[in-house]
Structures are given as C-alpha cells and as structure tokens.
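Take a look at the structure below.
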Amino acid sequence: DMHSGINTYIPRGIKSLKRRLTDEQIKELKIGSPLKLVEDGLHHARKVYSGVYEFTNLFKENAQMSKSECNIKEILEDYLKLTAYKHQVILNDNLPTELMVNEALFCTAIDNLIRNGLKYNDSGTKWVKVYHDGNYNDGSHICICVEDNGRGLTGEEFKELSKPYVRKEEQEESGTGLGLNISISILKEHGFSVWAEKQKQGTKIKIKI
C-alpha cells in the first residue's frame with residue numbers, strides 16, 4: 001500500500017532508527033548526511049504523491065476538491081526546495097498570501113509549468129519567475145504569472161499544446177504531451193482561467209485567480 005508506506009511506515013521507521021542511535025554512533029558511522037538525504041527524499045516523495053493522490057480523487061463519483069487558505073510563495077518554496085532547479089526559480093514576494101487552493105494539486109500544476117519553462121529553453125542562463133500581476137482598482141485581470149526566458153509560445157500555440165498528447169513535431173525533448181493538459185485541468189478545476197502571451201524572449205503564462 002503506497003499510501004500507507006509513504007505516509008506512515010517509512011516515517012515511523014526513520015523515527016525509530018534515529019531513536020536507537022546515540023549521537024556518538026551517528027558521528028562514528030558518519031550517517032548523519034544519509035539520514036538527512038532519506039528524510040529529504042521522503043519529504044519530496046510525499047509532496048509528489050499527495051498531488052497524484054488528490055488528482056485521482058477528482059475522478060471519484062461526486063468528488064469535490066478540498067481547498068484551504070494558502071500563502072502561495074511559502075507552499076511553492078516548500079515544494080521546490082529539494083528540486084535540482086530551485087535556484088532557477090524566482091518567487092516574488094507579492095504572491096497571494098491567502099488564496100484558496102488545494103495545495104498539493106496547485107503546486108503540481110505550477111511545478112509543471114516551471115519545468116516546461118526550463119526544459120524548452122535554449123538560453124545560457126535559464127530562469128522562471130512566478131509573480132502576482134494586476135490591480136483591482138484599474139479593472140485589470142488579477143493573475144499569477146509564470147514567466148520564462150525560453151523559446152516562447154504564442155497564445156494559439158499554447159492553446160494547441162494544451163490538448164492531450166499534442167507535441168510540436170520538431171521537438172527533440174522527450175514527453176507524453178499530457179503534462180500541460182493536466183496542469184491546466186487542475187487550474188481550471190480551481191475556477192481559474194489560463195492563457196499565454198509570447199514575450200520578446202520567452203512565454204508569460206497568466207492564471208486568472
């Protein structure tokens with residue numbers, strides 16, 4: 001049972017092991033770092049699994065997506081902190097602090113957009129920025145933007161690639177053509193709308209909240 005293993009048995013095993021080891025044993029065996037590595041790996045696995053678990057729950061009869069008030073910068077920082085690309089992601093301080101989302105699903109969707117921005121990117125220094133844009137006072141859309149400095153997509157290209165199993169013919173990078181479709185489906189399930197704008201360099205994806 002993967003759910004029980006990730007969320008119950010493995011965490012219990014790690015805690016039990018740490019209780020049985022003295023500080024001297026940890027120092028002698030030099031296992032402090034491997035233990036931390038296992039704990040960090042488990043933390044990330046639980047985050048990823050939680051997203052999969054919440055997504056599959058949406059297909060159950062009469063399913064309703066659970067939401068809670070979240071600080072968007074904090075939950076994304078926590079989700080990304082163990083990834084190899086965390087230093088290429090800029091999370092702006094102006095991100096919403098009390099947005100109603102399903103944490104696991106929302107982070108999964110944004111992470112996919114981030115990885116796409118870094119994957120389809122030929123720049124010497126790759127980056128993705130996530131920030132809040134818009135103003136209630138001037139009537140503009142209130143959006144969370146995911147902007148990269150990659151190859152760039154027009155709105156029409158983004159719409160076409162949002163369809164399941166659709167990929168650019170000349171694309172050399174591997175993929176199933178499902179990641180973007182699933183991410184947008186998750187965001188729409190939240191009641192958000194999603195579109196893209198091509199920049200001078202890169203793409204800006206706008207999520208109207």
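The figures here come from the full heavy-atom set of this structure, side chains too, leaving out hydrogens, waters and symmetry mates.
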[X] vs [Y] side-chain heavy atoms within contact, under 4.5 Å:
{"X": "P11", "Y": "R46", "value": "yes"}
{"X": "I144", "Y": "F192", "value": "no"}
{"X": "T203", "Y": "E197", "value": "no"}
{"X": "N112", "Y": "I182", "value": "no"}
{"X": "Y85", "Y": "D111", "value": "yes"}
{"X": "H132", "Y": "N92", "value": "no"}

Can you tell me how far [atom2] of [Y] sits from [atom1] of [X], rounded to the nearest 0.5 angstrom?
{"X": "L153", "Y": "Y120", "atom1": "CG", "atom2": "OH", "answer": "10.0 Å"}
{"X": "S183", "Y": "N116", "atom1": "OG", "atom2": "CG", "answer": "7.0 Å"}
{"X": "L42", "Y": "I6", "atom1": "CG", "atom2": "CD1", "answer": "7.5 Å"}
{"X": "I10", "Y": "K15", "atom1": "CD1", "atom2": "NZ", "answer": "13.5 Å"}
{"X": "L95", "Y": "N71", "atom1": "CG", "atom2": "CG", "answer": "8.0 Å"}
{"X": "K126", "Y": "K119", "atom1": "NZ", "atom2": "NZ", "answer": "11.0 Å"}

Cut-off 3.5 Å, side chains only: do [X] and [Y] have a donor facing an acceptor?
{"X": "Q201", "Y": "S123", "result": "yes"}
{"X": "E103", "Y": "Y79", "result": "no"}
{"X": "S16", "Y": "R20", "result": "yes"}
{"X": "N121", "Y": "N149", "result": "yes"}

Do the side chain of E147 and the main chain of C145 share a donor and acceptor less than 3.5 angstrom apart?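 No.
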E157 (side chain) donor-acceptor with T154 (main chain) under 3.5 angstrom: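 Here the side-chain-to-backbone pair exists.
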Closest heavy-atom pair and its distance - [X], [Y]:
{"X": "L180", "Y": "F158", "result": "CD1-CE1, 3.8 Å"}
{"X": "L76", "Y": "C107", "result": "CD2-SG, 4.0 Å"}
{"X": "C143", "Y": "K206", "result": "SG-CB, 4.2 Å"}
{"X": "K86", "Y": "T83", "result": "N-OG1, 3.3 Å"}
{"X": "L178", "Y": "P164", "result": "CD2-CB, 3.9 Å"}
{"X": "V38", "Y": "I14", "result": "CG1-CD1, 3.6 Å"}

My understanding is that only residues two or more places apart in sequence, or in another chain, count here; which of them pass salt bridge (charged side-chain N to carboxylate O under 4.0 Å, His left out) with E74?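 For E74, no residue satisfies salt bridge (charged side-chain N to carboxylate O under 4.0 Å, His left out) once neighbours in sequence are set aside.
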Name all residues meeting the salt bridge (charged side-chain N to carboxylate O under 4.0 Å, His left out) criterion together with E189; count only those two or more places apart in sequence or in a different chain, and write none if there are none.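 Not a single residue meets the salt bridge (charged side-chain N to carboxylate O under 4.0 Å, His left out) criterion with E189.
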My understanding is that only residues two or more places apart in sequence, or in another chain, count here; which of them pass side chain to side chain contact (heavy atoms under 4.5 Å, CB included) with [X]?
{"X": "N102", "result": "E54, M65, S66, A104, L105, H190"}
{"X": "S193", "result": "W195, K208"}
{"X": "K81", "result": "H43, D78"}
{"X": "R12", "result": "T8, Y9"}

Are [X] and [Y] in one and the same hydrophobic cluster, where Ile, Leu, Val, Met, Phe, Trp and Tyr link if side-chain heavy atoms are under 4.5 Å apart?
{"X": "I142", "Y": "L99", "answer": "yes"}
{"X": "L113", "Y": "I90", "answer": "no"}
{"X": "I114", "Y": "Y131", "answer": "no"}
{"X": "V166", "Y": "V194", "answer": "yes"}
{"X": "W127", "Y": "I205", "answer": "no"}

Decide side chain to side chain contact (heavy atoms under 4.5 Å, CB included) for E156 and K198; before the verdict, give the C-alpha distance in whole Å, the side-chain angles of both, and the deciding distance to 0.1 Å. CA-CA 10 Å; E156 286 303 311; K198 188 168 185 177; over 6 Å; no
Give me the one residue out of V101, I186, I207, V89 that meets side-chain contact (heavy atoms from CB on, under 4.5 Å) with I110.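 Testing each of V101, I186, I207, V89 against I110, the sole residue satisfying side-chain contact (heavy atoms from CB on, under 4.5 Å) is I207.
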Heavy-atom count check: over 12 atoms from other residues, nucleotides or ligands less than 6.0 Å from K73 NZ?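 Above 12, so yes.
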